[in-house]
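Lettering of chains follows the sequences in order, A, B, ..., and the numbering in each one begins at 1.
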There are 2 protein chains.
Amino acid sequence: MATMQDVARLARVSVSTVSYVLTGTRPISQATRDKVLAAMAELDYQPNAMARGLASRRSRILGLLLPMDERGLGATETAFVTGAAAAAGAAGYHLVLSPIGVGDLDELRRLASQRMLDGALLMEVQLHDLRVDVLREVGVPLVLIGRTADTTGLSYVDIDFEQTVQEAVGHLVNLGHRRIVYVNHSADTLAEGYGPALRTRDAFTTAMTGHGLEPLMIPAEDSAAGGRAALDTALRQAPDLTAILAMNENAVFGLLGELANRGRSVPDDVSVVSMVTSPQVAELATPALTAMSSPGSAVGRIAIETLLRHLDGGRGEIQQQLLPCALEVRGSSAPPRTADESDTGAGGDQPAPGNEAARRRAATRRRA
Amino acid sequence: MATMQDVARLARVSVSTVSYVLTGTRPISQATRDKVLAAMAELDYQPNAMARGLASRRSRILGLLLPMDERGLGATETAFVTGAAAAAGAAGYHLVLSPIGVGDLDELRRLASQRMLDGALLMEVQLHDLRVDVLREVGVPLVLIGRTADTTGLSYVDIDFEQTVQEAVGHLVNLGHRRIVYVNHSADTLAEGYGPALRTRDAFTTAMTGHGLEPLMIPAEDSAAGGRAALDTALRQAPDLTAILAMNENAVFGLLGELANRGRSVPDDVSVVSMVTSPQVAELATPALTAMSSPGSAVGRIAIETLLRHLDGGRGEIQQQLLPCALEVRGSSAPPRTADESDTGAGGDQPAPGNEAARRRAATRRRA
DNA sequence: ATGAAAGCGCTAACAA
DNA sequence: TTGTTAGCGCTTTCAT
């Protein structure tokens with residue numbers, strides 16, 4: 001393993017020159033730079049990360065703090081991760097994912113106070129997220145993917161739930177639906193103040209009221225069973241419902257199953273729109289789900305870019321951004337059977353023609 | 001940020017003594033140790049990871065190399081990760097996940113030759129995985145989760161696909177099924193030599209032949225559409241099929257959807273058993289899927305323990321382990337409708353009574 | 001535009 | 001059982 005000494009010797013320059021070639025922190029003549037670069041190439045030199053970190057007091061490592069529960073990472077979250085990893089790599093940083101949730105504060109404190117992290121991205125942010133406190137305490141810059149309750153002084157990137165709900169409701173209303181039920185996360189989750197659940201609830205009320213319609217929300221446990229129960233409740237409270245908007249990616253499958261059980265066809269009897277859902281998941285259902293698809297890797301990329309700005313400038317400006325979800329119409333939404341006074345606006349939303357989109361996307365997966 | 005100097009000064013000992021207290025590499029009297037520990041506590045001392053790494057030439061960082069495609073991490077893979085993270089933490093190591101697939105060899109080479117990793121775990125291992133070569137080249141110890149084609153000199157932990165298939169087939173045969181179709185990964189995937197697909201194919205042939213039955217395998221693209229197509233093929237080739245064994249977690253949903261479309265009820269007309277599937281995913285389906293559930297976090301834990309042994313001893317012995325999947329009977333499997341000569345063995349497999357298991361597991365999920 | 005040299009905070013000989 | 005000290009490989013003043 002060649003060291004900087006070796007490179008300097010071979011190039012007949014001092015170590016500091018080699019260092020400056022590497023870091024670019026001071027002008028080097030083209031001739032010298034070439035010599036050094038040639039020596040590096042010849043020796044296959046790679047700087048020692050630990051030595052750099054010790055001397056410069058920067059590890060060039062960014063942490064992505066990512067709680068992993070038993071349920072796995074959805075395609076949406078995975079896109080965040082890959083986007084962040086790509087952006088970090090492009091900037092010469094390593095992105096390490098640490099499966100650290102709010103339960104592992106000690107592990108986080110260790111990681112952070114050992115000066116192992118130049119900065120951190122937090123995923124699965126809670127309204128009162130103690131990880132934020134720990135990181136601030138030890139002075140590690142951070143950016144949230146999501147939002148805490150109080151975001152003063154915090155940079156974040158999050159999904160624009162208001163826009164997402166509004167567009168989803170708009171789609172259904174355009175199709176002619178009037179009786180739309182919103183299946184949210186569980187009552188417990190709401191009570192805990194889970195941000196997305198609260199924001200979408202309020203946005204749903206606003207959107208429906210704006211259309212002169214009555215907002216009806218049903219909480220559902222995050223499971224297929226929860227979805228089945230939610231459908232039962234929904235049909236009891238709104239027997240005339242023609243459309244369901246679902247925030248709960250797990251429940252939506254139970255919901256679809258129960259609809260089938262009861263002989264209600266999708267989308268002829270009931271339209272279903274799933275929110276913040278990846279194309280992959282949307283197409284597991286039969287028919288494939290019309291969904292608001294999440295902004296994906298852009299979230300991760302923007303978060304990293306924001307974080308880097310916080311490091312470089314010293315005091316980067318606080319940045320708070322909301323990214324929209326895009327409506328992707330598939331087979332699960334259509335005009336209600338009772339096509340009454342449905343003034344389907346010109347250029348309004350069309351139900352997907354067959355399953356072409358699904359077929360097109362049916363790519364092969366290769367792993368081993 | 002207190003340094004070791006500060007601790008030594010406060011405890012009135014030398015820095016080396018503090019260091020030895022920390023590393024335990026030489027005996028320290030109880031009195032001294034207590035003094036040092038007290039000083040550490042008082043100063044809230046945390047060793048500087050970079051300095052340790054530089055001086056000791058060990059980063060105490062283990063890498064978990066984990067390709068992330070657009071599909072996300074399944075619950076099964078997530079369990080591997082959390083198991084590994086827990087085991088690494090318990091041993092005083094950091095586990096960093098790097099979303100590095102066979103496409104990012106340069107990034108891997110950088111990570112490895114910068115001496116940032118003491119060792120690595122590889123997930124999503126391909127039969128000819130170039131990451132293995134890169135790591136060996138730079139001398140980073142590694143353990144596979146999965147298997148390459150040639151495993152000589154390599155330690156690995158993998159799922160016992162032979163046992164899994166055998167048990168799944170046994171379950172169906174016990175229920176009285178005779179005409180069982182195996183829905184595998186895609187033809188492309190098989191052609192590429194994807195290990196699990198090949199191993200399960202062969203195991204299926206062995207198992208069926210062992211029962212005096214004819215093995216029929218259908219490849220399916222990894223998507224709902226692929227599952228629908230596979231069912232079509234299956235019914236064409238074996239109109240009298242009463243059971244389906246599925247390796248393809250994505251296809252199985254399309255398969256179920258298409259069964260419903262054709263008015264074939266599960267499990268009355270057709271039993272479905274899903275392989276290497278987490279409980280969470282199994283219960284998204286309606287009815288919940290009988291499945292061979294993967295060993296979960298044990299895989300990750302054992303892999304880390306093996307890796308640590310490779311570091312400590314210098315030359316740890318090669319270890320190759322296969323872990324079994326466990327049969328979990330849910331609602332998707334039952335005796336065939338045409339209960340003919342079905343000699344359901346005493347104590348044989350029973351279909352799940354209702355959905356109690358599902359309901360019990362319907363825990364709340366809290367995130368933000 | 002380049003070089004010399006003093007650390008960065010810790011580990012691990014080498015001494016005692 | 002404990003202390004002294006020479007690095008680990010790099011960055012970054014301070015000189016020139």
So do Tyr156(A) and Thr151(A) actually touch side chain to side chain, heavy atoms under 4.5 Å?
yes
Considering just the side-chain nitrogens and oxygens of Ser14(A), establish if one lies under 4.0 Å of OP1 or OP2 belonging to dG3(C).
yes
Going by atom types only, do Arg33(B) and Tyr20(B) share a side-chain donor-acceptor pair under 3.5 Å?
no
If the test is side-chain contact (heavy atoms from CB on, under 4.5 Å), which one of Leu66(B), Leu108(B), Leu64(B) qualifies with Ile100(B)?
Leu108(B)
With no hydrogens and no angle check, do the side chains of Ser155(B) and His310(B) hold a donor and an acceptor under 3.5 Å apart?
yes
Is Thr3(B) near enough to dG9(C) that one of its side-chain N or O atoms lies under 4.0 angstrom from OP1 or OP2?
no
Return no unless some side-chain N or O of Arg52(B) is found under 4.0 Å from OP1 or OP2 of dT11(C).
yes
Length of the CD-P vector between Gln114(A) and dT11(C), whole Å:
11 Å
Quickly work out the Met116(A) CE to dG9(C) C1' distance and round it to whole Å.
14 Å
To the nearest Å, give me how far apart CE (Met50(A)) and C1' (dC10(C)) are.
13 Å
Interatomic distance, Arg58(A) CZ vs dC8(C) P [rounded to whole Å]:
18 Å
Would you say that Met4(A) contacts Thr17(A) through its side chain, given a criterion of any heavy-atom pair below 4.5 Å between the two side chains?
no
For atom CZ of Arg60(B) and atom P of dT11(C), their distance in whole Å
9 Å
Considering only side-chain heavy atoms of Asn48(B), which listed nucleotide, dG9(C), dC10(D), dG3(C), is closest?
dG9(C)
Contact list please: residues 19-38 of chain A against DNA chain D, heavy atoms, distance less than 4.0 Å, in numerical order.
Ser19(A), Tyr20(A), Thr23(A), Arg26(A)
Hey, does the side chain of Thr17(A) come within less than 4.0 Å of dG3(C)'s phosphate (OP1/OP2), counting only N and O?
yes
Here the distance between atom C1' of dT11(D) and atom CE of Met4(A), to the nearest Å, is 8 Å
Can you tell me how far P of dA12(C) sits from CZ of Arg57(B), to the nearest Å?
8 Å
What does Val18(A) touch in the nucleic acid at a heavy-atom separation under 4.0 angstrom: a base, only the sugar-phosphate, or nothing?
nothing
From the options dT11(C), dC8(C), dA5(C), select the nucleotide whose nearest atom is closest to the side chain of Val15(A).
dA5(C)
Base, sugar-phosphate alone, or nothing: which one does Ser16(A) contact when heavy atoms must sit under 4.0 Å apart?
base
Strictly by modelled atom types, are Gln126(B) and Glu124(B) linked by a side-chain donor-acceptor pair under 3.5 Å?
no
Nucleotide nearest Val13(B) (side chain, heavy atoms from C-beta), chosen from dG3(C), dG3(D), dC10(D)
dG3(D)
Check the side chains of Gln321(B) and Gln319(B) for a donor-acceptor pair under 3.5 angstrom, ignoring hydrogens and angles.
yes
Taken to the nearest whole Å, CD/Gln5(A) to C1'/dC8(D) is 12 Å
